[in-house]
Amino acid sequence: MNMTRQPLILEIKGNSLDDGPGIRGVVFFKGCPLSCVWCHNPESKSPKVEISYDPEVCIACDTCIETCPEKAISKENPFFIDRSRCNLCFECVENCPSGALERVGLDMDVHQVLDVLMKYESFYTSSGGGVTLSGGEPTMHMEYISELLKQLKARGIHTLLETCGHFDLERFMAVVYPFVDTIYFDIKIYDEDEHRKYCGKGNKRILENFKELNRLSQKGAIELVPRTPLVPGITDTRSNMEAIAGFLKSLGIKKAQLLSYNPLWHKKNYKIGKESMFIHDPLMNRFMDTRKVEQCKDIFKQSSIFV
Ligand code: SF4
Ligand code: SF4
């Protein structure tokens, strides 16, 4: 097997029901070219290794405070760990009896990832499932995912890629596209300036990539599913819903997914020592009202798009 430069793996799930058809193995990669302010996996944004602390699991034994050679841990610190002092030696993680401290980001080569995924093969085959690559953004690691997808296809496994769409299309077509069955493609915000404001980059490349993949999808070469995460006051506005629905309709698309808002990212942000924007915004701190989700769906249905 040709080994390629390794990204960090955030997590591998063996039996997800949420990331495509059937029961699926899911590989979450670290690193993303966008920086969406509401990212529901904030620990996947950075491609680098991080340390995480979960106060709900901590039993306050103080072992880590005594163990840390850099004196980076203290109860007075609102995030418990002073990341500017921490050198990521992970001595505290090794000695924590409760699992409250964790290393975020695993060094795993393609072979190791495959070994984990294939333990669940019978689930995939018996349920019409397969393996999903998610993130972070898997296409930040084109050569690596190319090899992984190729190995999965050689074993007859259905492959699905979840992407933010911000990638080098030429490279993607050369090394990733041949091994993907389905693409879940995020179109979060249609307006270029709003996209830059909330996602850190404009969306020209994303929309162009989507159009090209849709052209191939219309020929039956691949399944392409556009998805929009619903975020209160940012992506779920009438103007954004109408603009995305209109864009999809103009491309002849009949099916899309709207993902209801999940506020758990605030806790995840805290665990990796990040202040959450919108922490005091009530709409951002609860699950989305089903009526609001239905209103968004209705806008898509008015454009004859099934959601
Ligand atoms: S990883 Fe090392 S330096 Fe960082 S908090 Fe833990 S023990 Fe201290
Ligand atoms: S070692 Fe673990 S359980 Fe003990 S205080 Fe530190 S984080 Fe909490």
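Whatever order the structure lists ligands and atoms in, that order sets their numbers, starting from 1. Throughout, numbering of the chain's residues begins at 1 and tracks the sequence.
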Proximity to ligand 2 by part of Ile59, non-hydrogen separation under 4.0 Å: both
Residue portion contacting ligand 2 (non-hydrogen atoms closer than 4.0 Å) for Asp62: backbone
Near-ring test Tyr124/His158, centroid separation under 6.0 angstrom: no
Ring centers of Tyr261, Phe287 separated by less than 6.0 Å: no
Atoms in ligand 1 with a heavy atom of Ile73 nearer than 4.0 Å: 5 (S)
Mark up the atoms of ligand 2 that fall under 4.0 Å of a heavy atom belonging to [X], in ascending order.
X      : result
Tyr53  : 7 (S)
Pro97  : 1 (S)
Leu101 : 7 (S)

Note the single closest protein heavy atom to [atom], along with its residue, its atom name and the distance in Å.
atom                    : result
atom 6 (Fe) of ligand 2 : Cys64 SG, 2.3 Å
atom 2 (Fe) of ligand 2 : Cys96 SG, 2.4 Å
atom 8 (Fe) of ligand 2 : Cys58 SG, 2.3 Å
atom 4 (Fe) of ligand 2 : Cys61 SG, 2.3 Å
atom 3 (S) of ligand 2  : Ser98 OG, 3.2 Å

Arg291/Gln295 under side chain to side chain donor-acceptor pair (under 3.5 Å): CA gap, chis, key distance, verdict: CA-CA 6 Å; Arg291 273 176 310 173; Gln295 281 170 10; over 6 Å; no
Heavy-atom pair with the smallest gap, counting every atom of [X] and [Y]:
X      : Y      : answer
Ile305 : Ile253 : CG1-O, 3.5 Å
Leu169 : Asn209 : CB-OD1, 3.4 Å
Asn240 : Lys188 : ND2-O, 3.0 Å

Chi angles and distances behind the side chain to side chain donor-acceptor pair (under 3.5 Å) call for Asp19, Ser16: CA-CA 6 Å; Asp19 297 277; Ser16 169; 2.7 Å; yes
Exceeds 12 heavy-atom contacts within 6.0 angstrom, atom NZ of Lys204: no
Polar side chain donor-acceptor pair, Asp109 to Gln6, under 3.5 angstrom: no
Sum of protein N, O or S atoms, each under 2.8 Å from atom 2 (Fe) of ligand 1: 1
Reference residue Lys30; test salt bridge (Lys or Arg N to Asp or Glu O under 4.0 Å); the match among Glu43, Glu137, Glu50, Glu11: Glu50
Mutual orientation of the aromatic rings belonging to Phe247 and Tyr190 [parallel < 30°, tilted 30-60°, perpendicular > 60°]: tilted
